[in-house]
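Below: one structure, written as structure tokens.
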Amino acid sequence: MDYSPRDIEQKWKQYWEDNEVYKVSNHSDKPKYYVLDMFPYPSGSGLHVGHPLGYIASDICSRYKRLKGFNVLHPMGYDAFGLPAEQYAIESGVHPAVSTFENIARFRKQMDNLGFSYDWSREVMTCDPAYYKWTQWIFLQLFQHYYDKSAEKAMPVAGLVAHFEQEGNSGIKAASNQERIFSAAEWANMTPREKDEVLMNYRLAYRKVTYVNWCEALGTVLANDEVKDGVSERGGYPVERKPMMQWSLRITAYAERLLNDLQELEWSESMKAMQSNWIGRSEGAQLFFGLEGSDEKIEIYTTRADTIFGATFMVLAPEHDLVAKLTTPKQRAAVDEYLSYVKTRSERDRVSDVKAVTGAFIGAYAINPFNGAKIPIWISEYVLKDYGTGAIMAVPADDERDRRFAEKFGLEIIEIIDKSMHPGATIEDKVGVMINSDFLNGMEVLDAIEAIMQRIEDMGIGKRQVNYKLRDAIYSRQRYWGEPFPIVYDPDGVAHAMATNDLPLELPELDDFKPASGGVSPLGRATDWVNLAHGWKRETDTMPGFAGSSWYFLRYMDARNEKEFASQQALNYWRDVDLYIGGTEHAVGHLMYSRFWHKFLYDKELAPTKEPFRKLINQGMIQGVIESVYYHKEERRFYSAELAKAMDTNGFAEIPVHIDFISEYGSDESYLSAEGIRQFKNWRQEYQSTEFVFSPGSDKFYTKSEVGKMSKSKFNVINPDDVVAQYGADCFRMYEMFLGPIEQAKPWDIKGISGVSNFLRRFWGLFFDDKGNFNVSEASPAKEEWKILHQAIKKVSEDIERFSFNTCVSAFMVAANELKKLNCNKREVLEPLVLLIAPFAPFVAEELWNRLGHEGSIHANGQYPAFNPEYLKEDSVQYPIAINGKTRGTVDFPADARKEDLEKAAVELEMVKKWADGKTIRKVIVVPGRMINIVIG
RNA sequence: GCCGAAGUGGCGGAACUGGUAGACGCGCUGGACUCAAAAUCCAGUGGUGGCAACAUCGUGUGGGUUCGAGUCCCACCUUCGGUACCA
């Protein structure tokens, strides 16, 4: 019988479903193993060939661990809230839930087609009220907790209130933005509204006015990582800074732990580096400067307190509170002009011209606390309101930006570090000897930092301070398709948590999804839903995309629990994710927020581990090839690529072409044939009568090919279904693995797939005779056959353990080639081989296992074959013989030959004598079992 | 700029702790089968020279360590990813 993937894959897919082969229990004596994929956003374009790369790898690991005797949790779900569905709803009027469920159904079908071993009984969707009930619940926990720096964990706000009632807010070490110290009496006198505002400064989920990334086109606020190069990541719309009342999460409270605990994770160095850069910890000093003719003080933050004698001016962020107070009447006009300039500057402008130096003098002077020097105060947009204290002492001699600023505005520069002993050291390097710096003179920089820090603390003008780049995460979105906040406001505007019993708070029905006016979410239109009795109102914002994805890995452990987000039994059994596979694009956002939520739940003793994801593998992107034609903008004609490139390409627009029309797709020679041009014109009616300019004598219209993202808008999406239809899922799976290391990005290229397809046929053929009858012999294998088997077992299991799946596929090919050569059809060799290949090609393995006479599924009942090194032992070893390190030939020696004997024998070899002719043998190096090198000179 | 990853045949890639560079696959060349083609099977395939044995060069570039370097060290170049006035 011929290998027919279509039939066997259909058959076993059905069998797996009918028999719930992949259903996992939370009660087992077996050791646990949790393999997780980053769940997808169910986009309208469906799965392309890039998505499954990680899913295949994780599926191989899951199946492998299962055969190795582990109880494996391997779930899948959908990150189903999100902007695209809502944008689509605005355009088409289709409810986001409807399009989302359609997309999910499509994704599910595509995934089933690939033979994954997911336990679908645990499927989660973040937009399902049964799921987001618990997202809301965790949010309320965050709302009702603050971070206590003494206890180094989250504590209930109720305890904080009790403390305020007893002693005010002194004596509390908490992560907060409460600046004012108040007494118990003052607390007692506060109005509910005032108390609410104070508590908001402590809560882990809190509301405050923040400068946010406002995206007018999307009508919503975006998180920092949803903005790329000043435009929205989804849609590419402009983003501007705008102050708005927003919910935020106090992730900064966990900055230190998020940084320190990275150490214990088995993540790539680059991934850890990205996280640690994002957290951006720095050690420095918080320090007060007095002002001339004023009692006010300016608080600054610096990591280079040693350079204070070189501080010749100060710079405040334009938004700094003191700017209005300190500006002198004389400078008022100049300052106002500068402030209005800053307002016109979007985040995008600031990012794009980093080198431009702008600023204004406000007329006031600060006093250097060490030498009484009068230093002018400026404002400039290069100082950020949100970092440190929003104010710096500028040291033009030792800071690149300060120097540029001083040069532009003609400010004094005092050299304070002699770097002559360190040629090549840059301005940023902390090396050299202090000069012009009073009591610091002659000290090395690092000593000087320590010395002045001590002095600052002794003088009581400042203290050591650790700062982070990490910002609190803005948590409000003015959108419909997200989790509603379980928060109600009383008539005073005080926020109250909804009762847990009333969760989930479901989204109201709407038929218009456009934002309401004034930056209010579409929920503002649902007046019946928003307005409650006695003047109470609901929150109209919804939660951001990362809300549901920050804890979904815990929900899988006990996905249908209606009483808790997951039972303690389930949490304590599965604990954490042993292997997490996903793309790097989530390096900072999702992984950081998940770690934060997990740590919070750990503090509450609701999660059993400090970290959620022990081992992380980042699969590389599979890119597509974008094909486009050159359109001459003035002549309004298309030019063949080789012609266009010879001309000034600026005059051309590149019009993307659907890859289905292209001949030789993906090669350098890709072109449109006459038929392709016809299809193109049909597809883009507006070019119906546009002329195509060819090279003289050529009938090929060449297109431009470039490697890039697979996307619907580039018309280059390759659907795995098409590949599976032609070659089968087993072949598709093995081919994707065969392409190269899982972590590397690579362009999709179908050319090599025939090699894998041939291999599967050959593998299948081992079990059948010439007439196509199943024919497996019970004879005992020869030594050589055992060796082939055990070489494969060794190689494949070692390589799975180190996630080197491409070399596993090679190992299978080698084994099949060699067994074929020996015409081996012996059960004792073939049966273990079927088990070995089962994680990679689950359908073929299942069919052959069945034909070998086994009942039930190989994936449920099989046992991974054990490696026995006895079979690899050889009587003799082939030694490479090198002369002066260059291999000149090989000679067989007995495997147990002693080193001394080998040395003697080697010198006697004909070939060695030939090379040594006329010269002396100086040294013989023997590495037993490996090689022999003879040094001649 | 800074941080990280990577540069190996025509192509995807292998070589795990320094020990026969190019496994495996694609492609290409030749052959078998066929009326023919496809499919399949067999053989060959880094460059140069040679009928051949063999020689010689060869892992981004330049230097170093070593009996021996794709692998370790130093300097540089290129590509990709992240980040960007962070005081």
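All heavy atoms count here, side chains included; hydrogens, waters and symmetry mates do not. Order of the sequence lines fixes the chain letters, A, B, ..., with proteins taken first and strands second; residue numbering starts at 1 for each chain. Keep in mind that what you see is a predicted model, and the values were worked out from it rather than measured.
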- To the nearest Å, give me how far apart CZ (A:Phe805) and C1' (B:rC16) are. 15 Å

- Item | Distance between P atoms of B:rU17 and B:rC11 (Å, rounded) | 27 Å

- Query: Under the side-chain hydrogen bond (donor to acceptor under 3.5 Å, both in side chains) test, which residues partner A:Lys463, sequence neighbours left out?
  - Reply: A:Gln286

- Starting at atom CD of A:Glu381, determine the distance to atom P of B:rC86, rounded to an integer number of angstrom. 13 Å

Atom pairs under 3.5 Å: protein N/O with N/O of nucleotides 2-11 of chain B:
| unit_1 | atom_1 | unit_2 | atom_2 | d |
| --- | --- | --- | --- | --- |
| B:rG4 | O2' | A:Ser270 | OG | 3.4 |

- Carboxylate-amine/guanidinium contact A:Glu903 A:Lys899, below 4.0 Å: no

- Could you tell me the separation between the CG atom of A:Leu470 and the P atom of B:rU83, rounded to a whole number of Å? 14 Å

- Message: Please enumerate all residues that pass side-chain hydrogen bond (donor to acceptor under 3.5 Å, both in side chains) together with A:Asn368, with sequence neighbours excluded.
- Response: A:Asn371

- Message: Would you say that A:Phe405 contacts A:Pro396 through its side chain, given a criterion of any heavy-atom pair below 4.5 Å between the two side chains?
- Response: no

- Message: Whole angstroms only, please: what is the CG-P distance between A:Asn884 and B:rA55?
- Response: 14 Å

- Message: How many whole angstroms separate atom OH of A:Tyr382 from atom P of B:rA87?
- Response: 13 Å

- Query: Relative to each other, are the rings of A:Trp764 and A:Phe768 parallel, tilted or perpendicular (30° and 60° limits)?
  - Reply: parallel

- Message: Side chain of A:Leu384 only, heavy atoms from C-beta on: which candidate in B:rA84, B:rG12, B:rA87 is closest?
- Response: B:rA87

- Note: for A:Lys385 and A:Glu798 on RNA chain B, the residue whose nearest nucleotide lies more 5' is A:Glu798

- Message: Under 4.0 Å, heavy atoms only, any strand: does A:Pro741 hit a base, just the sugar-phosphate, or nothing?
- Response: sugar-phosphate

Close N/O contacts between protein and nucleotides 38-49 of chain B (under 3.5 Å):
| unit_1 | atom_1 | unit_2 | atom_2 | d |
| --- | --- | --- | --- | --- |
| B:rU40 | OP1 | A:Asn758 | OD1 | 2.6 |

- Task: For A:Arg281, check side-chain hydrogen bond (donor to acceptor under 3.5 Å, both in side chains) against everything at least two apart and list the hits.
- Result: A:Glu256, A:Glu283

- Consider only side-chain N and O atoms of A:Tyr727 and A:Ser754, and report whether a donor and an acceptor are under 3.5 Å apart. no

- Message: In terms of relative ring orientation, are A:Phe812 and A:Phe840 parallel, tilted or perpendicular, with 30° and 60° separating the classes?
- Response: perpendicular

- Query: Do the side chains of A:Phe289 and A:Lys297 get nearer than 4.5 Å, heavy atoms only?
  - Reply: no

- Query: Should the pair A:Trp748 and A:Phe732 be assigned to parallel (<30°), tilted (30 to 60°) or perpendicular (>60°) ring geometry?
  - Reply: tilted

- C1' atom, B:rC28 versus B:rU78: distance in rounded Å? 29 Å

- Message: Please give the stem ranges for RNA chain B, sorted by first residue number, where a stem is three or more consecutive Watson-Crick or G-U pairs and both donor-acceptor distances are under 3.5 Å.
- Response: B:1-7 with B:77-83, B:10-12 with B:24-26, B:27-32 with B:40-45, B:46-49 with B:54-57, B:60-64 with B:72-76

- Using the P atom as the reference point in each nucleotide, state the distance between B:rG10 and B:rG58 in Å, no decimals. 16 Å

- Between A:Glu736 (CD) and B:rG12 (P), how many Å, whole number? 17 Å

- Please check the phosphate of B:rA87 (OP1 and OP2 only) for any side-chain N or O of A:Tyr301 closer than 4.0 Å. no

- A:Gln791 CD - B:rA14 P separation (whole Å): 20 Å

- Query: How should the glycosidic conformation of B:rG68 be described, syn or anti, under the criterion that syn lies within 90° of 0?
  - Reply: anti

- Note: A:Arg464-A:Glu450 ion pair, threshold 4.0 Å (strictly below): yes

- Rounded to whole Å, CZ of A:Arg922 lies from P of B:rU66 at a distance of 16 Å

- Task: For B:rG25 versus B:rG9, give the span between their C1' atoms, rounded off to a whole number of Å.
- Result: 14 Å

- Using the P atoms only, state how far B:rA23 lies from B:rU8, rounded to an integer number of Å. 16 Å

- Message: Per the salt bridge (Lys or Arg N to Asp or Glu O under 4.0 Å) rule, what does the pair list look like for residues 802-811 of chain A, sequence neighbours excluded?
- Response: A:Asp799-A:Arg802

- Spacing of A:Lys272 atom NZ and A:Ser270 atom OG [to the nearest 0.5 Å]: 10.5 Å

- Query: For A:Lys795, which contact category applies under a 4.0 Å heavy-atom criterion: base, sugar-phosphate, or nothing?
  - Reply: base

- Message: Enumerate the salt bridge (Lys or Arg N to Asp or Glu O under 4.0 Å) contacts for residues 810-822 of chain A, please, sequence neighbours excluded, ordered by first and then second residue.
- Response: none

- Item | Pairs flagged by side chain to side chain donor-acceptor pair (under 3.5 Å) wherever residues 392-402 of chain A is involved - sequence neighbours left out | A:Arg304-A:Asp398, A:Tyr382-A:Asp402, A:Asp399-A:Arg401

- Message: Base contacts versus sugar-phosphate-only contacts with protein, heavy atoms under 4.0 Å: please encode nucleotides 18-24 of chain B as B, S and - from 5' to 3'.
- Response: -BBS-BB

- Query: Are a donor atom and an acceptor atom from the side chains of A:Thr584 and A:Asn618 found within less than 3.5 Å of each other?
  - Reply: no

- C1' atoms of B:rU45 and B:rC26, separation to the nearest Å: 13 Å

Give me the distances for all protein-to-nucleotides 56-60 of chain B N/O pairs that come in under 3.5 Å?
| unit_1 | atom_1 | unit_2 | atom_2 | d |
| --- | --- | --- | --- | --- |
| B:rU56 | OP2 | A:Arg888 | NH1 | 2.9 |

- Mind checking what makes side-chain contact (heavy atoms from CB on, under 4.5 Å) contact with A:Ala391, not counting sequence neighbours? A:Ile298, A:Ile300, A:Leu316, A:His320, A:Thr389

- Message: Measuring only the C1' atom in each nucleotide, how far is B:rC16 from B:rA87? A whole number of Å is fine.
- Response: 45 Å

- Task: Rounded to whole angstrom, note down the P distance from B:rG13 over to B:rA21.
- Result: 23 Å

- Task: Check the pair A:Lys904 / A:Glu900 against salt bridge (charged side-chain N to carboxylate O under 4.0 Å, His left out), numbers first and verdict last.
- Result: CA-CA 6 Å; A:Lys904 271 182 216 145; A:Glu900 303 83 78; over 6 Å; no

